[in-house]
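Worksheet: one structure, shown below.
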Amino acid sequence: MPQPESIASPQRVDIRLGDRSYPILIGAGLLGDPSQFDAVPAAASALIVTNTTVSPIYAEALQKTLAGRFRTIHVLELPDGEAHKDWPTLNLVFDALLQQGSDRKTVLFALGGGVVGDMTGFAAASYMRGVPFVQVPTTLLAQVDSSVGGKTAINHPLGKNMIGAFYQPQLVLCDLATLATLPARELSAGLAEVIKYGPIYDMAFFDWIEANIDALMARDPAALAHAVRRSCEIKAEVVGQDERETGLRAILNFGHTFGHAIESGLGYGEWLHGEAVGCGMVMAAQLSQRLGGVDAAFVQRLTTLVERAGLPTVAPKLGAERYLELMRVDKKSEAGEIRFVLIDKPGSAVMRPAPDALVREVLAHCGGA
Ligand code: NAD
Ligand code: GLY
């Protein structure tokens, strides 16, 4: 594991959900500091769930850091990739828990990106009807979005994230030093979810991302720290008001209706989740423009920023009918009607249906039809 220069005291953002509240700690080198895990409940055993890529870099360090807290700590390596976010892989977690005699207090640690985090969270929600878990996100995407807020899931061949549960972790620990080993394509994918917070919630943050996109792409530590912190603050504000997505939380799915169709239409793992979201945001912005929420200049601004983040803005050619069919399976659909998260003015989003004719126009314009 790369050594951090120093373990500065972490920044803290709180998720406020009554008795399900928890801290998000953000800083470089946290993973090697036992005191950062004081929010973890006491137990005899722990299971670190990770994957074949992340494990050789970080699992031993985490195991060592946690050694004083548990009598036994096992490590489970799952196969890597979105294509493995499925039942057979999830079952490997239950196999390990049962084989190791895990009890109701056993703590699960999700060490990895959003795929490991979503699956470990779902396993924690289900094993013995719920055991504690901790998110240790190691991708930018997971640090700014997926580890926070308690959405857990696996994919179904017919739809993305269709099987899952809302289940909050006890702690989220974002070690910024882990971003040093992230492949460039994954860094870009994470930036999609950072950019997302601007159009839907905070245009001042959007201005900041525009001004700092080169520093973010160059992994400037101060820029990454600010991006992670502000993203977590916004997510905490939204989730704190609407944990189970009965309304406001849906805005966090900006770009995801088109994006999920790209992911499942191409086959999971072909485009990264963040790449699909990046392109999906451009498509959703174009739909917003057609419905009068934003002007062409705004769409161009977003498109340019998505491109500067190294993300695609031309949609894969799946055909308009296929897109419409895939988007009807989205969780936001009601009675077969697709509902999109659209920008009603810069910095503010709403969820609403859109006429098929306009969706087809967007698909044709973006290359998808
Ligand atoms: P990922 O988990 O597949 O990780 C990306 C790749 O980076 C993997 O190959 C992984 O092994 C590798 N990796 C992880 N950390 C690394 C590190 N520090 N150094 C080197 N390699 C590293 O993908 P992701 O982008 O983190 O997450 C995407 C998933 O998150 C999707 O399944 C998406 O649906 C989900 N998601 C969930 C939520 C939520 O609220 N639960 C929100 C957004 C996305
Ligand atoms: N990433 C969307 C959400 O957490 O609601």
Side-chain angles (χ1 to χ4, degrees), residues 1-2 15 31 49-59 61 77-86 89 110-122 125 135-155 159-162 164-169 172 174-194 196-197 200 219 231-232 234-236 238-239 241-257 259-260 263-264 268-269 271-278 331-332 341 351:
M1 176 187 165
I15 298 283
L31 200 147
V49 183
T50 181
N51 72 21
T52 49
T53 304
V54 176
S55 180
I57 325 179
Y58 299 111
E77 289 182 10
L78 302 177
D80 186 6
E82 186 75 36
H84 297 287
K85 193 177 165 184
D86 58 8
T89 310
L111 175 67
V115 169
V116 163
D118 280 13
M119 281 201 292
T120 308
F122 190 26
Q135 290 272 16
V136 186
T138 61
T139 63
L140 180 62
L141 186 140
Q143 295 188 356
V144 300
D145 190 355
S146 66
S147 65
V148 173
K151 276 190 182 176
T152 76
I154 56 168
N155 299 327
K160 169 103 178 125
N161 289 338
M162 278 292 158
F166 286 99
Y167 193 68
Q168 301 294 342
V172 179
C174 299
D175 187 338
L176 299 168
T178 62
L179 302 180
T181 55
L182 201 60
R185 193 177 162 197
E186 301 292 348
L187 184 81
S188 290
L191 287 173
E193 302 280 18
V194 177
K196 172 184 84 177
Y197 291 112
I200 62 167
R219 302 180 203 222
S231 299
C232 287
I234 295 172
K235 187 144 187 190
V238 171
V239 170
Q241 293 172 62
D242 180 23
E243 181 184 11
R244 292 193 162 236
E245 199 168 306
T246 53
L248 177 69
R249 185 168 177 167
I251 66 171
L252 299 175
N253 292 310
F254 177 54
H256 286 58
T257 310
H260 284 171
E263 283 188 88
S264 53
Y268 298 119
W271 275 32
L272 300 180
H273 175 72
E275 291 170 340
V277 168
K331 286 190 289 307
K332 295 182 295 304
V341 177
M351 186 169 61

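The structure displayed is predicted, hence computed values, not measured ones. Atoms within each ligand, like the ligands themselves, are counted from 1 in listed order.
- Of the protein's non-hydrogen atoms, the one nearest atom 28 (C) of ligand 1 is Leu141 CD2, 3.8 Å.
- Remark: the Glu263 side chain and the His273 side chain contain an N/O donor-acceptor pair separated by less than 3.5 Å.
- At a 4.0 Å heavy-atom cut-off, ligand 1 touches Pro183 through the side chain alone.
- You'll find the side chain of Val49 stays beyond 4.5 Å of the side chain of Met119, heavy atoms only.
- Set against the non-hydrogen atoms of Lys160, the atoms of ligand 1 under 4.0 Å away are 31 (C), 32 (O), 33 (C), 34 (O).
- Using a 4.0 Å heavy-atom cutoff, Glu275 is absent from the residues neighbouring ligand 1.
- Inter-residue side-chain proximity for Glu245 and Lys331 is flagged as unmet; no heavy-atom pair is nearer than 4.5 Å.
- Closest heavy-atom approach to atom 2 (O) of ligand 1 among the candidates Val116, Ile154, Val115: Val115.
- Using a 4.5 Å heavy-atom cutoff, the side chains of Thr89 and Pro79 are in contact.
- Contacts between Thr181 and ligand 1, counted as non-hydrogen atom pairs separated by less than 4.0 Å, involve both the backbone and the side chain.
- In this structure a side-chain-to-backbone donor-acceptor pair under 3.5 Å is present from Gln143 to Pro137.
- Distances below 4.0 Å separate heavy atoms of Asp80 from the following atoms of ligand 1: 8 (C), 9 (O), 10 (C), 11 (O).
- Of the possible polar contacts, one joining the Thr50 side chain to the Leu111 backbone as a donor-acceptor pair under 3.5 Å is found.
- To the nearest 0.5 Å, atoms CD (Glu82) and CD1 (Ile154) are separated by 11.5 Å.
- Between the side chain of Tyr268 and the backbone N or O of Gly81, no donor-acceptor pair lies under 3.5 Å.
- Within ligand 1, the atoms closer than 4.0 Å to a non-hydrogen atom of Gly114 are 2 (O), 24 (P), 26 (O), 27 (O), 29 (C), 30 (O), numbered from 1 in the order shown.
- Across Gly247 and Asp242, no two heavy atoms sit closer than the pair N-OD2, 2.8 Å.
- Closest protein heavy atom to atom 31 (C) of ligand 1: Glu82 OE1, 3.1 Å.
- Lys151 has no carboxylate O lying under 4.0 Å from a charged side-chain N of Glu243, or vice versa, which leaves the two without a salt bridge.
- For atom 13 (N) of ligand 1, the closest heavy atom belonging to the protein is Val54 CG2, 3.7 Å.
- For Glu193, the closest heavy-atom approach to ligand 2 does not fall below 4.0 Å.
- The atoms of ligand 1 that sit less than 4.0 Å from any heavy atom of Gly113 are 2 (O), 26 (O).
- For atom 22 (C) of ligand 1, the nearest non-hydrogen atom from the set Leu182, Leu179, Thr50, Leu111 comes from Leu182.
- Counting only heavy atoms of the protein, atom 4 (O) of ligand 2 lies nearest to Lys235 NZ, 2.6 Å.
- Looking only at side-chain heavy atoms (C-beta outward), Lys332 and Thr257 come within less than 4.5 Å of each other.
- Between atom 1 (N) of ligand 2 and the options Val148, Asp145, Leu252, the minimum heavy-atom separation is to Asp145.
- At least one heavy atom of Glu193 lies less than 4.0 angstrom from ligand 1.
- The closest heavy-atom contact to atom 42 (C) of ligand 1, among the options Ala110, Ser146, Gly81, comes from Ser146.
- Ser55 and Glu77 share a side-chain donor-acceptor pair at under 3.5 Å.
- For atom 14 (C) of ligand 1, the closest non-hydrogen atom on the protein side is Thr139 CG2, 3.2 Å.
- When heavy-atom distances to ligand 1 are checked against a 4.0 Å cut-off, Asn51 comes that close only through its side chain, counted from C-beta outward.
- Within ligand 1, counting atoms from 1 as listed, the ones closer than 4.0 Å to a heavy atom of Glu186 are 5 (C), 6 (C), 7 (O).
- No side-chain donor-acceptor contact under 3.5 Å links Arg219 to the backbone of Leu187.
- Between Thr52 and Leu78, the closest side-chain pair of non-hydrogen atoms is not below 4.5 Å.
- With a 4.0 Å cut-off on non-hydrogen atoms, Lys151 touches ligand 1 through its backbone as well as its side chain.
- Contact annotation: for Asn161 versus ligand 1, heavy atoms closer than 4.0 Å belong to the side chain alone.
- Every atom of ligand 1 is numbered from 1 in the order shown, and the set under 4.0 Å from a heavy atom of Thr53 is 11 (O).
- Below 3.5 Å of separation, one finds an N or O of Arg249 facing an N or O of ligand 2.
- Heavy-atom contacts of Asp145 reach the following atoms of ligand 1: 42 (C), 43 (C) (cutoff under 4.0 Å).
- Contacts of Thr138 with ligand 1, taken as heavy-atom pairs under 4.0 Å, involve both backbone and side chain.
- Partner of Gln135 under the side chain to side chain contact (heavy atoms under 4.5 Å, CB included) criterion, out of Val116, Val148, Thr120, Val172: Val172 alone.
- The side chain of Lys235, and not its backbone, has at least one atom closer than 4.0 Å to an atom of ligand 1 (non-hydrogen atoms only; side chain from C-beta on).
- Thr53 and Asp80 share a donor-acceptor pair across their side chains, judged by distance under 3.5 Å alone.
- Panel note: side chain Asn51, backbone Val54; a donor-acceptor pair is recorded below 3.5 Å.
- Considering both main-chain and side-chain atoms, Thr152 never comes within under 3.5 Å of ligand 1 through any nitrogen or oxygen pair.
- Residue Lys85 approaches ligand 1 through these ligand atoms, each under 4.0 Å from one of its heavy atoms: 31 (C), 32 (O), 33 (C), 34 (O), 35 (C).
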